[in-house]
Amino acid sequence: MNILSVTAEIFPLVKTGGLADVAGSLPKALAAHGIHTRSLVPGYPSVMRALTGASPVTQYDCLFGERATLVAGRTDGLDLLALDAPGFFDRQGGPYTDDHGKDYPDNWKRFAAFSFVAAQVAEHGVAGWRPDIIHAHDWHPALSLVYLKFASRVEIPRVLTVHNLAFQGQFPARRFTELGLPDEAYSIEGLEYYGDLGYLKGGLQAADAITVVSPTYAREIMSPTFGMGLEGVMNARHDDVIGIVNGIDMEVWNPSSDPYIENHFSTRTPLRRLPNRQKLLDRFGLPDTAGPVFATVNRLTWQKGMDLLAGVVDEIVKGGGKLIVHGQGDAEIEDAFIEAARRFPHSVSVEIGYDEPLAHQIHAGADAMLVPSRFEPCGLTQLYALRYGCVPIVARTGGLSETIIDANDAALHAQVATGIQFSPVDANGLRLALRRAFRLFRRRRVWENLRRQGMRTDCSWHRSAAQYAELYGAMLTPEIRLAG
Ligand code: ADP
Ligand code: GLC
């Protein structure tokens, strides 16, 4: 079976968050099911550098006004197609925003061009290769499904995965005439979205199956609180929605062989983890401590509850804990953490930025990982934390609520607890969770059990890749109906 996976990010070539990790690791897991994935990605500079010498397969003299070449190549175990369109993708700044964090004004066109090419590949194949299914991730390539539904004669099954409903790709309706779609595509069944164009909305309508990155988030987005305006569409498509929780790449995130950490460890050698903790404290200029070292590696945004965390730093300091923050995001939240580090130089340390090796080192050294998200479709940091013996403290929402087992008395007694969950997700809820963490940390045996149970949790793609394989199989054999 051949899958065309279409994604704006893929680890290790281009990453702003978990989407890249999933797009980069799922293909490897699917291979075990005899499924071959080819991933189509925008030809950002980092992608083109990795594909030096790759062969051109299709040439476009004027793709939405730009010259473009589709190239095919392999790197890091991935089979890739990259859309080399320097006018769209060879830019300073990130994949979606400029150096100042402002959306590129032509994002509507960049991702329309990308989606158009994806639809072409789905329809005609490339260089003798043909996909059986197209699988688009998030809003950026969602328009490809709209092209296939409204402007193609080929019936290829269409899958859309929702990683985060908060990012929707909404653009002015006047752009519609430039997309090259028939008029009926601007309708309730198509792209029309509150009088604008909604790329994700169009994709949700055009998909044959919609997967959401956790069953809990799949339920949550049926309601106005989490649906972000798309709850009506989600409810209308209810029967075609399936929640499949993300797995992680067990090789990239492996504490017994991770090249980014100095002291390797496993469930059998937990003491070897300790020097990583010391190194981390040194790296962040914090004194040695008997209290817990809390950390967060995160986008510093409202979604992630980072403003809540910045507001309760005193609770950590008061209890004798340390806080390490690594991330970037909203200027106000960044400033709040920088200010906290200035106020409590011996307890709080912050490094604004995005650094993959450092993320690994923090997971390998901290005692607890804070993930106080207001909503979290799946979340990967808590899974990496589990694997690295760093106890996750998470908000009870979305994928966080189903990947972490709360350390309540029953779960502790049964030795199945893996972390701490809290709700409601507000400053007080977070304070109470921190106090629970301090109490559990003082009970050394209990904490060690939590850590060990977490490390034993199966966070691999094993089960979830089988669910994707089953879904794909059912789509190619329509008489088999999927339960749930
Ligand atoms: P999201 O995709 O919503 O940001 P996830 O938890 O699914 O959240 O994935 C986040 C990914 O981004 C993880 O791989 C995490 O390690 C990484 N990440 C987040 N912040 C940073 C950072 N400052 N430096 C390096 N990696 C980061
Ligand atoms: C999104 C979500 C996150 C999820 C990731 C990968 O970025 O915010 O919860 O883990 O996608 O699916």
Side-chain angles (χ1 to χ4, degrees), residues 6-8 19 40 42 60 62-66 68 83 85 87-89 91 93-98 100-120 122-123 134 136-153 158-208 210 212 221-238 240-241:
V6 197
T7 173
L19 165 64
L40 171 61
Y60 298 90
C62 184
L63 176 69
F64 288 76
E66 298 291 335
L83 182 61
F88 289 138
F89 301 121
R91 295 185 181 177
Y96 323 115
T97 58
D98 65 19
H100 307 288
K102 254 182 79 94
D103 283 353
Y104 295 119
D106 60 347
N107 273 349
W108 69 273
K109 202 196 305 187
R110 300 169 77 224
F111 292 105
F114 179 55
S115 298
F116 175 82
V117 169
Q120 291 284 302
E123 189 169 348
I134 177 168
H137 295 268
D138 270 355
W139 75 264
H140 326 94
L143 206 57
S144 60
L145 308 189
V146 180
Y147 280 116
L148 286 164
K149 177 175 172 181
F150 290 98
S152 155
R153 265 163 306 179
R158 305 181 286 262
V159 182
L160 179 69
T161 292
V162 175
H163 293 265
N164 193 336
L165 213 59
F167 303 107
Q168 303 186 349
Q170 196 172 345
F171 303 104
R174 68 189 146 85
R175 296 295 182 198
F176 181 74
T177 51
E178 296 169 76
L179 297 178
L181 280 161
D183 288 349
E184 66 264 28
Y186 187 72
S187 63
I188 297 281
E189 281 72 41
L191 280 175
E192 193 279 331
Y193 187 51
Y194 297 114
D196 280 339
L197 298 177
Y199 283 16
L200 182 63
K201 188 265 178 175
L204 289 169
Q205 291 289 42
D208 297 307
I210 298 165
V212 178
I221 56 182
M222 301 288 166
S223 74
T225 318
F226 293 96
M228 311 255 164
L230 284 167
E231 61 277 8
V233 181
M234 292 311 305
N235 277 288
R237 298 301 325 267
H238 183 273
D240 302 304
V241 175

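Sequential numbering from 1 along the given sequence is applied to the chain's residues.
- The distance from atom OH of Y186 to atom CG of L179, rounded to the nearest 0.5 Å, is 11.5 Å.
- Partners of A136 by side chain to side chain contact (heavy atoms under 4.5 Å, CB included), not counting sequence neighbours, listed by chain and number: P141, S144, L145, L160.
- Note on residues 183-192: no pairs pass salt bridge (Lys or Arg N to Asp or Glu O under 4.0 Å), not counting sequence neighbours.
- W108 has its side chain out of reach of L197: every pair of non-hydrogen atoms, C-beta onward, lies at least 4.5 Å apart.
- Smallest separation of non-hydrogen atoms from V146 and A185: CG1-CB, 4.5 Å.
- The shortest heavy-atom contact between P95 and F111 is O-CZ, 4.1 Å.
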Can you give me every donor-acceptor pair (side chain of residues 170-178, partner residue at least two apart or in another chain, under 3.5 Å) with its distance?
| unit_1 | atom_1 | unit_2 | atom_2 | d |
| --- | --- | --- | --- | --- |
| Q170 | NE2 | D196 | OD2 | 3.1 |
| R175 | NH1 | E178 | OE2 | 3.3 |

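- Residues A206 and R158 approach most closely at O-NE, 2.7 Å, considering heavy atoms.
- The distance from atom CD of Q120 to atom CG of L148, rounded to the nearest 0.5 Å, is 9.0 Å.
- Summarising the geometry of A118 relative to I134, their closest heavy-atom pair is O-CD1, 4.1 Å, with the distance given to 0.1 Å.
- Without hydrogens or angle criteria, D98 side chain to Y104 main chain gives no donor-acceptor distance under 3.5 Å.
- Relative orientation of the W139 and Y96 rings is tilted, given thresholds of 30° and 60° on the angle between their planes.
- Looking at D106, its side chain never comes within 3.5 Å of a backbone N or O of R110 through a donor-acceptor pair.
- The heavy-atom pair separating L191 from G202 by the smallest distance is CD2-CA, 4.0 Å.
- With rounding to the nearest 0.5 Å, the separation of CG in L204 from OH in Y193 is 9.5 Å.
- Proximity of D240 to D208: side-chain heavy atoms (C-beta onward) are nowhere separated by under 4.5 Å.
- One distance of note links CZ of F88 with CG of L63; it measures 6.0 Å at 0.5 Å rounding.
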Test side-chain contact (heavy atoms from CB on, under 4.5 Å) applied to H163 and T7, step by step: CA-CA 11 Å; H163 293 265; T7 173; over 6 Å; no
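- Legend: residues meeting side chain to side chain contact (heavy atoms under 4.5 Å, CB included) with N164, ordered by chain and number and at least two apart, are A166, F167, Y217, R299, Q303, F375, P377.
- Every residue two or more places apart in sequence or in another chain that forms a ring pair (Phe, Tyr, Trp, His ring centres under 6.0 Å) with F116 is listed here: Y147.
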Can you give each donor-acceptor pair under 3.5 Å made by side-chain atoms of residues 224-236, sequence neighbours left out, with the distance rounded to 0.1 Å?
| unit_1 | atom_1 | unit_2 | atom_2 | d |
| --- | --- | --- | --- | --- |
| E231 | OE1 | G229 | N | 3.0 |
| N235 | ND2 | M222 | O | 2.7 |
| N235 | ND2 | E231 | O | 2.8 |

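- In terms of modelled atom types and a separation under 3.5 Å, the side chain of K201 and the main chain of I188 share a donor-acceptor contact.
- In this structure, the separation between CG on L143 and NZ on K149 is 12.5 Å, given to the nearest 0.5 Å.
- In terms of heavy atoms, F150 sits closest to L181 at CB-CD2, 4.3 Å.
- Under the 3.5 Å distance criterion, the side-chain polar atoms of R237 are matched with a main-chain donor or acceptor of A207.
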